[in-house]
Amino acid sequence: MSAFVRFDQVKKVYRMGEVEIHALRDASFSIEKGELCVIVGPSGAGKTTLLNILGGMDTLTEGKVLLGGEDISAYSSRQLTAYRRHDIGFVFQFYNLVPNLTALENVELAAQICREPLDAAGVLRSVGLEHRLSNFPAQLSGGEQQRVAIARAIAKNPKLMLCDEPTGALDYTTGKAILKLLQDMSRKNGMTVVIITHNSALTAMADRVIQVKSGSVTGEEVNASPVPVEEIEW
Ligand SMILES: Nc1ncnc2c1ncn2[C@@H]1O[C@H](COP(=O)(O)OP(=O)(O)OP(=O)(O)O)[C@@H](O)[C@H]1O
Ligand SMILES: [Mg+2]
């Protein structure tokens with residue numbers, strides 16, 4: 001059987017006037033359904049570029065990307081819109097909540113554009129925010145705002161959850177709680193989750209680790225015994 005996610009010799013070149021930046025030179029890897037995958041590598045390695053291509057927010061220069069057997073790298077911009085809307089949940093470093101909507105309204109807004117959304121209040125409850133439904137983002141702590149952002153992505157009921165440095169703006173303890181939430185979601189709900197990080201200690205929590213360096217995948221390992229986030233120190 002073929003993998004759920006498949007990157008096949010992906011290249012990405014950004015052209016800035018005369019200058020060419022090779023953000024991805026030759027990226028190949030796969031991810032199985034239900035896995036928690038950690039992508040690790042130094043700054044500028046191409047991690048965000050890779051995630052944006054997988055999430056349909058950027059296009060590749062050469063190669064192929066398959067999700068569930070579908071060649072998303074051949075999608076038209078209209079197909080990519082539907083793909084981003086229905087299939088992908090995205091969590092960013094700086095939450096990106098709508099400031100003048102409450103926590104509940106932020107989640108409802110995203111759920112409205114999907115085919116089979118989950119109940120917004122229910123999802124907020126599942127991330128421990130049942131007492132914060134009517135708070136605006138500015139009235140929430142960083143960790144709470146990130147929980148809302150995760151709830152917003154979950155409520156879309158996506159095939160794939162993509163998180164770009166989801167704890168980058170958070171303190172140690174809050175970051176840990178967020179990672180535990182993502183690990184639980186993958187474990188308990190069988191969701192396929194991809195997390196980008198600089199921090200190689202976090203590879204211990206993953207079912208699969210993909211190492212990226214200078215635009216290439218330099219390592220891909222399956223971790224037979226991933227560690228609960230609570231037990232990792234960094
Ligand atoms: N839109 C863009 N236009 C031009 N160059 C870009 C663009 N996006 C990324 N790059 C370049 O591509 C390379 C890879 O960038 P990318 O953001 O994917 O790295 P990263 O691994 O996510 O780094 P970080 O850990 O700092 O977030 C870098 O050299 C970056 O400057
Ligand atoms: Mg990045």
Side-chain angles (χ1 to χ4, degrees), residues 1-93 96 110 113-116 152-154 156-166 182 186 190-197 206-222:
M1 223 185 82
S2 58
F4 183 54
V5 173
R6 174 87 207 133
F7 256 60
D8 193 10
Q9 298 190 308
V10 174
K11 288 187 180 40
K12 175 67 185 182
V13 181
Y14 291 108
R15 291 200 174 78
M16 312 199 52
E18 301 282 282
V19 185
E20 285 193 344
I21 297 162
H22 293 255
L24 294 175
R25 292 170 190 279
D26 176 17
S28 299
F29 61 87
S30 47
I31 302 172
E32 299 297 334
K33 207 170 178 139
E35 278 184 341
L36 173 70
C37 173
V38 164
I39 298 179
V40 68
S43 187
K47 305 182 298 296
T48 295
T49 304
L50 191 154
L51 207 72
N52 286 346
I53 291 172
L54 182 53
M57 296 200 295
D58 204 347
T59 53
L60 47 69
T61 310
E62 263 181 53
K64 223 177 202 187
V65 176
L66 303 172
L67 183 102
E70 289 265 314
D71 185 355
I72 66 155
S73 47
Y75 277 180
S76 64
S77 65
R78 168 172 257 186
Q79 285 174 304
L80 281 174
T81 303
Y83 172 74
R84 285 193 299 269
R85 190 177 283 198
H86 301 301
D87 295 341
I88 299 296
F90 222 105
V91 177
F92 301 93
Q93 181 174 350
N96 293 331
I113 63 168
C114 304
R115 284 196 205 98
E116 292 171 3
R152 178 177 61 180
I154 297 174
K156 292 178 68 185
N157 200 6
K159 288 184 184 161
L160 186 59
M161 181 93 163
L162 303 177
C163 314
D164 193 351
E165 300 271 2
L182 291 169
S186 148
M191 190 173 271
T192 312
V193 179
V194 183
I195 302 173
I196 286 185
T197 181
D207 299 307
R208 182 180 298 263
V209 178
I210 294 165
Q211 268 154 356
V212 186
K213 214 172 180 181
S214 309
S216 299
V217 172
T218 54
E220 184 179 4
E221 284 161 44
V222 173

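This is a predicted model, so every value here is computed, not measured.
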Begin from the C-alpha positions of Ile39 and Ile195 and carry the test side-chain contact (heavy atoms from CB on, under 4.5 Å) through to its verdict.
CA-CA 6 Å; Ile39 298 179; Ile195 302 173; over 6 Å; no
Please give me the minimum heavy-atom distance between [X] and [Y], naming the atom from each residue.
X      : Y      : answer
Ala153 : Pro158 : O-CD, 3.3 Å
Lys47  : Pro42  : NZ-O, 2.9 Å
Thr218 : Lys213 : CG2-CB, 3.7 Å

Approximate separation, where rounding is to 0.5 Å, of [X] [atom1] and [Y] [atom2]:
X      : Y      : atom1 : atom2 : value
Leu50  : Ile210 : CG    : CD1   : 7.5 Å
His86  : Asn157 : NE2   : CG    : 12.5 Å
Leu80  : Ile72  : CG    : CD1   : 7.0 Å
Leu54  : Tyr83  : CG    : OH    : 5.0 Å
Cys163 : Leu36  : SG    : CG    : 8.5 Å
Arg85  : Ile113 : CZ    : CD1   : 5.0 Å

Ignoring hydrogens and angles, tell me if any N or O in the side chain of [X] forms a donor-acceptor pair with the backbone of [Y] under 3.5 Å.
X      : Y      : value
Asp164 : Thr48  : no
Arg208 : Glu221 : no
Ser186 : Leu182 : no
Ser28  : Gln9   : yes
Glu220 : Ser30  : yes
Lys156 : Cys114 : no
Asp87  : Lys159 : no

Under 3.5 Å, sequence neighbours excluded: what are the donor-acceptor pairs made by side chains of residues 56-70?
unit_1, atom_1, unit_2, atom_2, d
Asp58, OD1, Lys12, NZ, 3.2
Asp58, OD2, Tyr14, OH, 2.7
Thr61, OG1, Val13, N, 2.8
Glu70, OE1, Tyr75, OH, 2.6

Could you tell me if the side chain of [Y] sits less than 4.5 Å from the side chain of [X], heavy atoms only?
X      : Y      : result
Val222 : Asp207 : no
Ile154 : Met161 : yes
Phe90  : Leu51  : yes
Ile31  : Cys37  : yes
Asp26  : Val217 : no

Determine all donor-acceptor pairs shorter than 3.5 Å in which one atom belongs to a side chain in residues 15-22; sequence neighbours excluded.
unit_1, atom_1, unit_2, atom_2, d
Arg15, NE, Glu20, OE2, 3.0
Arg15, NH2, Glu20, OE2, 3.3

Candidate pair Lys11 and Leu24, rule side-chain contact (heavy atoms from CB on, under 4.5 Å), full reasoning
CA-CA 5 Å; Lys11 288 187 180 40; Leu24 294 175; 5.6 Å; no
